[in-house]
Peer 1: 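Can you read through this structure? Questions will come right after.
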Amino acid sequence: MFKALKLCGGVFLGVIALCGSSRAQTITLTLSDHNPPNSLYQTEGIVPWIKQVGEATSGRVKIRNFPSQTLVKGTELWKGVQAGIADIGWCFHGYWPDMTPLTDVVTLPGLPIKSAEHGSEVLTKLIAKLPVLQKEFADTYQLMYWTSSPYILLTSKKQVKTMEDLRGLKLRVSGGPPTDQIRALGGVPILIPMPDIYEAMSKGVIDGAALPWGGIHAFRLWEVGKYYTIVPLSAVYFSMCMNKQKWASLPKDVQQQMTSVSGMEGAKLQGKKTFDDAEALVMDIIKKGKYEAHRYVVPPEELARWNKVGGEPIWEEWVKRMEAKGRPQAREVLNTTLELLKE
């Protein structure tokens, strides 16, 4: 009897130990993002990815999500992740045009990016192929990279149909080559964070914005803009970055499991779900809410004029500027990008 009780006691203690071990192995990570919780970036991008991480790690990794800049400001996120304020960051690189300057090649205007899913695949391949681009992200560990779909124009007071219609318009753009494009086309580029566009347009501080459908959806911009000019401008890019020390502290199997739902497949999914699918959702909201919306598609002959002035010339200027700043690999980066886009 004594032996039986002793055996049962041993089993009981073993179960307790295993449970305690399981609890100890639960890893909680924080993720910071500047987008509102009802945005596609959250509902179709971040939240599903967090679920995938949980499933891939069998519940060992739990990610606490902090949207709407509640943990770190969007403009400060790269440094915030480096400092460990957030373990993971949803990073918009348009905030930091001088930080990853050669990777900015994917934001050059007029590149033949068909969709966000296409651009995300090309960007992931490009960085994997060129060590000089990998060095630009060396301050953090990168889980995945992706692009937006090409930007369109949303304006509040008049429809933009020709290049001449852009003259003097104050337009919110992201930093880097997209700024050069709008300036070349005659507009006045204004650099403000995406969350500030609504108020700036409603108060007339800016006349409109170059942005993707996903941004229009995230910040309810159909309420302050009614003229949609469908013209492929520039795309922008993002990364899901992680604090290097925190990443290194994870067990190898956990790293592999998180990687399995990130990388190329994760990037393509982010692009498709948060950008490519957004136009149909926005137009459905506009229709159901009976909002005023005027949609104009710039014809090929007019688009050719835009690209002649604000497209390929900016590619060459970009290469020269990069080379002048001691980055002789710029031409190779551009040529490799164009080759990958043709595949």
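Start at 1 with the first residue, then count along the sequence.
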Peer 1: Salt bridge or not for Arg321 and Asp104, using N-O below 4.0 Å?
Peer 2: no
Peer 1: One thing to verify: whether Arg305 and Glu164 come together as a salt bridge, which I'm taking to mean a side-chain N less than 4.0 angstrom from a carboxylate O.
Peer 2: yes
Peer 1: In terms of side-chain heavy atoms, does Ser239 have a donor or acceptor partner in Gln142 at a distance below 3.5 Å?
Peer 2: yes
Peer 1: Looking only at side chains, do Trp247 and Thr140 share a donor and an acceptor under 3.5 Å apart?
Peer 2: no
Peer 1: Is the shortest side-chain N to carboxylate O distance from Glu117 to Lys272 below 4.0 Å?
Peer 2: no
Peer 1: Whether the Thr229 and Gln159 side chains hold a donor-acceptor pair (N or O, under 3.5 Å, no angle test) is what I'd like checked.
Peer 2: yes
Peer 1: Tell me whether Leu130 is reachable from Leu340 by hopping between hydrophobic residues (I, L, V, M, F, W, Y) whose side-chain heavy atoms are closer than 4.5 Å.
Peer 2: yes
Peer 1: So Tyr95 and Lys73, do their side chains get closer than 4.5 Å, heavy atoms only?
Peer 2: no
Peer 1: Rounded to the nearest 0.5 Å, what separation is found between the CH2 atom of Trp213 and the CG atom of Leu221?
Peer 2: 11.0 Å
Peer 1: Should Lys320 and Glu323 count as an ion pair when the cut-off is N to O under 4.0 Å?
Peer 2: no
Peer 1: With side chain to side chain contact (heavy atoms under 4.5 Å, CB included) as the test, pick out the partner of Ile63 among Thr28, Thr30, Val53.
Peer 2: Val53
Peer 1: Taking the side chain as everything from C-beta on, heavy atoms only, tell me whether Lys157 gets closer than 4.5 Å to Thr155.
Peer 2: no
Peer 1: For residues 188-203, run the donor-acceptor check on the side chains, cut-off 3.5 Å, and write out each pair with its distance to 0.1 Å, sequence neighbours left out.
Peer 2:
unit_1, atom_1, unit_2, atom_2, d
Tyr198, OH, Glu223, OE1, 2.6
Glu199, OE2, Lys203, NZ, 2.7
Ser202, OG, Tyr198, O, 3.2
Ser202, OG, Glu199, O, 2.9

Peer 1: Is there a donor in the side chain of Thr100 and an acceptor in the side chain of Tyr237, or the other way round, less than 3.5 Å apart?
Peer 2: yes
Peer 1: Looking at side-chain heavy atoms only, is the closest gap between Pro177 and Trp315 below 4.5 Å?
Peer 2: no
Peer 1: Could you tell me whether Arg183 and Asp180 make a salt bridge, using a distance below 4.0 angstrom between a side-chain N and a carboxylate O?
Peer 2: yes
Peer 1: Would you please classify the geometry between the Phe238 ring and the Trp90 ring as parallel, tilted or perpendicular, with 30° and 60° separating the classes?
Peer 2: tilted
